[in-house]
There are 2 protein chains.
Amino acid sequence: MPMTPSPSAHRDIPAATVSRLPTYLRALHSAAARGITTVSSGQLASAAGVLPTQLRKDLSHLGSHGVRGVGYNVARLITEIARALGLGRAWPVAIVGMGNLGRALAAYSGFGTEGFHVVAVLDRDPALVGEQVAGLTVRPIEDLPALVAELGIAIGVLATPSDGAQTAADALVAAGVEAILTFAPAALALPPHVSLRRVDLATELHVLAFLRASLSDLPDVGVAG
Amino acid sequence: MPMTPSPSAHRDIPAATVSRLPTYLRALHSAAARGITTVSSGQLASAAGVLPTQLRKDLSHLGSHGVRGVGYNVARLITEIARALGLGRAWPVAIVGMGNLGRALAAYSGFGTEGFHVVAVLDRDPALVGEQVAGLTVRPIEDLPALVAELGIAIGVLATPSDGAQTAADALVAAGVEAILTFAPAALALPPHVSLRRVDLATELHVLAFLRASLSDLPDVGVAG
DNA sequence: GAATGTGAACTCCTTCACAGCA
DNA sequence: TGCTGTGAAGGAGTTCACATTC
């Protein structure tokens with residue numbers, strides 16, 4: 001799991017815990033929407049797909065205080081996790097690369113409900129610049145510094161082909177963006193202060209294929225024809 | 001990192017190693033395309049964004065034999081990794097959910113070059129059934145058993161909203177699919193023999209926002225206005 | 001009685017140090 | 001001399017057992 005190795009001031013919450021907090025938050029929101037005000041670690045854990053001990057250990061890192069014999073107050077836990085994750089305001093996001101994936105991401109409604117807001121879409125191809133995508137006008141890469149300064153863009157999403165990924169990443173960093181999520185299956189060289197996460201679709205499929213193959217060790221697909 | 005916890009017959013290659021092999025494979029293909037026939041662990045590791053010791057340890061799990069003092073034969077290493085990953089044939093993939101993301105995935109050219117082939121696209125919405133997406137006709141969920149049997153579909157990709165994810169997953173499992181990649185931010189209950197990977201875009205952004213916030217502990221975005 | 005919070009054991013992964021070989 | 005392969009050390013994360021509190 002690619003993550004910038006250097007930064008040490010993670011507010012002393014382990015990286016593995018941070019990566020599970022959003023899931024807990026979603027489960028809590030869903031519970032709150034159903035009128036539930038108190039949950040036990042067992043209930044919340046099963047909704048999130050983890051073990052109860054895992055959940056309690058995770059929550060203990062935020063110093064969160066449930067009530068013994070009772071459980072956690074849903075509203076309070078939502079507040080605490082949101083604060084731990086640095087939410088409470090909408091983070092402005094820029095997406096670079098307006099191919100199929102970039103367009104889909106720009107239109108993805110999930111971001112908005114989770115505290116993120118796509119405020120800029122860019123592409124290096126002049127033929128795409130000026131086009132409308134998800135209610136935004138596609139801008140050229142050269143506009144990045146101005147857009148970052150103007151809109152306070154904090155996170156850049158790379159949806160370019162592998163070739164252009166490093167160049168686009170350099171442009172983001174030069175413009176002052178310090179957090180990048182890339183979908184390009186390429187190794188990126190970045191300054192140590194820039195946080196990087198990579199989502200690699202082909203790798204996920206490869207891992208699945210491996211698991212699948214190691215289960216049924218048949219050369220043929222396990223479907224009786 | 002969501003992965004089915006049960007299966008033990010991973011061909012004794014650690015999960016963490018498996019998740020890096022595809023990256024090595026890409027770097028090797030790229031090297032081969034440039035006419036390079038031998039690489040050292042240092043060269044390959046920097047192309048893949050890992051440490052040389054990590055790479056050598058990983059390769060040692062496949063019993064791979066490089067040549068001391070020289071390095072690895074590119075062609076041979078490609079063959080060994082491909083075999084370890086169970087490649088060598090194109091895995092047929094079905095994508096369920098033809099919203100923005102599903103369409104983008106169906107059109108994603110990366111899959112084809114990596115040993116995967118999107119052979120079916122489905123949606124539960126009758127209004128979408130029959131439409132053409134990436135050269136395929138959208139089929140109803142009910143066609144899954146027939147499609148799996150006919151096309152040997154081994155991997156299902158879920159690009160549905162969270163609501164429909166469990167239902168769609170059940171349909172895939174009932175049709176005989178034993179490996180699922182889901183983009184829906186929901187916990188899925190699946191039989192233990194089914195492998196599951198989850199890609200959660202919102203979670204990735206949350207983690208980035210956390211890292212970003214813990215670096216510059218300003219309430220404001222770190223751009224001098 | 002019921003459920004949280006946490007030290008301690010355990011498992012997994014990464015990194016180091018260096019032996020082994022061309 | 002140069003680079004691979006690997007046992008051993010170190011670190012991170014998960015699970016267990018149980019003391020603690022309502």
Side-chain angles (χ1 to χ4, degrees), chain A residues 1-8 10-21 23-24 28 31 36-74 76-77 80-81 84 207 211, chain B residues 1-8 10-21 23-24 28 31 36-74 76-77 80-81 84 207 211:
Chain A
M1 183 176 288
M3 190 183 303
T4 319
S6 48
S8 49
H10 287 29
R11 268 183 194 149
D12 70 356
I13 303 179
T17 294
V18 172
S19 72
R20 280 185 296 266
L21 290 179
T23 307
Y24 302 158
L28 285 166
I36 298 168
T37 60
T38 302
V39 287
S40 70
S41 64
Q43 295 166 331
L44 189 49
S46 91
V50 302
L51 296 174
T53 38
Q54 174 93 271
L55 179 103
R56 293 205 299 276
K57 177 71 87 179
D58 282 340
L59 294 185
S60 77
H61 290 300
L62 0 154
S64 170
H65 283 260
V67 182
R68 292 167 197 246
V70 179
Y72 300 89
N73 179 286
V74 171
R76 179 173 165 195
L77 204 46
E80 291 196 12
I81 295 179
V207 173
L211 294 172
Chain B
M1 183 179 289
M3 191 185 300
T4 320
S6 49
S8 50
H10 286 30
R11 269 182 193 148
D12 71 354
I13 303 179
T17 294
V18 171
S19 73
R20 281 185 296 267
L21 289 179
T23 307
Y24 302 158
L28 285 166
I36 297 168
T37 60
T38 302
V39 288
S40 70
S41 65
Q43 294 166 330
L44 188 50
S46 89
V50 301
L51 295 174
T53 38
Q54 175 93 270
L55 179 106
R56 293 204 299 276
K57 179 68 88 179
D58 283 339
L59 294 185
S60 76
H61 290 300
L62 4 149
S64 171
H65 283 259
V67 182
R68 294 168 197 245
V70 179
Y72 299 90
N73 179 286
V74 171
R76 179 173 166 194
L77 205 45
E80 291 196 11
I81 294 179
V207 173
L211 294 172

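Quick caveat, the model's predicted, so the values are computed rather than measured.
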Engineer: If the condition is salt bridge (charged side-chain N to carboxylate O under 4.0 Å, His left out), which residues does B/Arg76 pass it with, not counting sequence neighbours?
Structural biologist: B/Glu80
Engineer: Within this structure, what is the CG-to-C1' distance between B/Asn73 and D/dT4, rounded to whole angstrom?
Structural biologist: 15 Å
Engineer: Hey, could you give me the CG/CG distance between B/Leu44 and B/Leu28, rounded to the nearest 0.5 Å?
Structural biologist: 5.0 Å
Engineer: Determine: side-chain N/O of B/Tyr72 to OP1/OP2 of D/dG5, distance under 4.0 Å, yes or no.
Structural biologist: yes
Engineer: Using chain A heavy atoms and a threshold of under 4.0 Å, write down where along DNA chain C the contacts begin and end, 5' to 3'.
Structural biologist: C/dA2 to C/dA8
Engineer: So which of residues 50-57 of chain B are in contact with DNA chain D, with a heavy-atom cut-off of under 4.0 Å?
Structural biologist: B/Arg56, B/Lys57
Engineer: For B/Gly42 and for A/Ala16, locate the closest nucleotide of DNA chain D by heavy-atom distance; then report the residue assigned to the nucleotide nearer the 5' terminus.
Structural biologist: B/Gly42
Engineer: Among all residues two or more places apart in sequence or in another chain, which pass the side-chain contact (heavy atoms from CB on, under 4.5 Å) test with A/Ala45?
Structural biologist: A/Val50, A/Pro52, A/Leu55
Engineer: State which residues pass side-chain contact (heavy atoms from CB on, under 4.5 Å) with B/Leu51; sequence neighbours excluded, sorted by chain then number.
Structural biologist: B/Thr53, B/Gln54
Engineer: Within the structure provided, determine whether A/Tyr72 and A/Ser40 are in side-chain contact (heavy-atom separation under 4.5 Å).
Structural biologist: no
Engineer: Does the side chain of A/Asn73 come within less than 4.5 Å of A/Leu77's, by heavy atoms?
Structural biologist: no
Engineer: List for me each residue that meets side-chain contact (heavy atoms from CB on, under 4.5 Å) alongside B/Thr17, sequence neighbours excluded, and say none if there are none.
Structural biologist: B/Ile13, B/Pro14, B/Arg20, B/Leu21, B/Asp58, B/His61
Engineer: Does A/Arg68 get its side chain close enough to the base of D/dT21, under 3.5 Å, for a donor-acceptor pair?
Structural biologist: no
Engineer: Could you list the residues that satisfy side-chain contact (heavy atoms from CB on, under 4.5 Å) with A/Val70, not counting sequence neighbours?
Structural biologist: A/Thr38, A/Val67
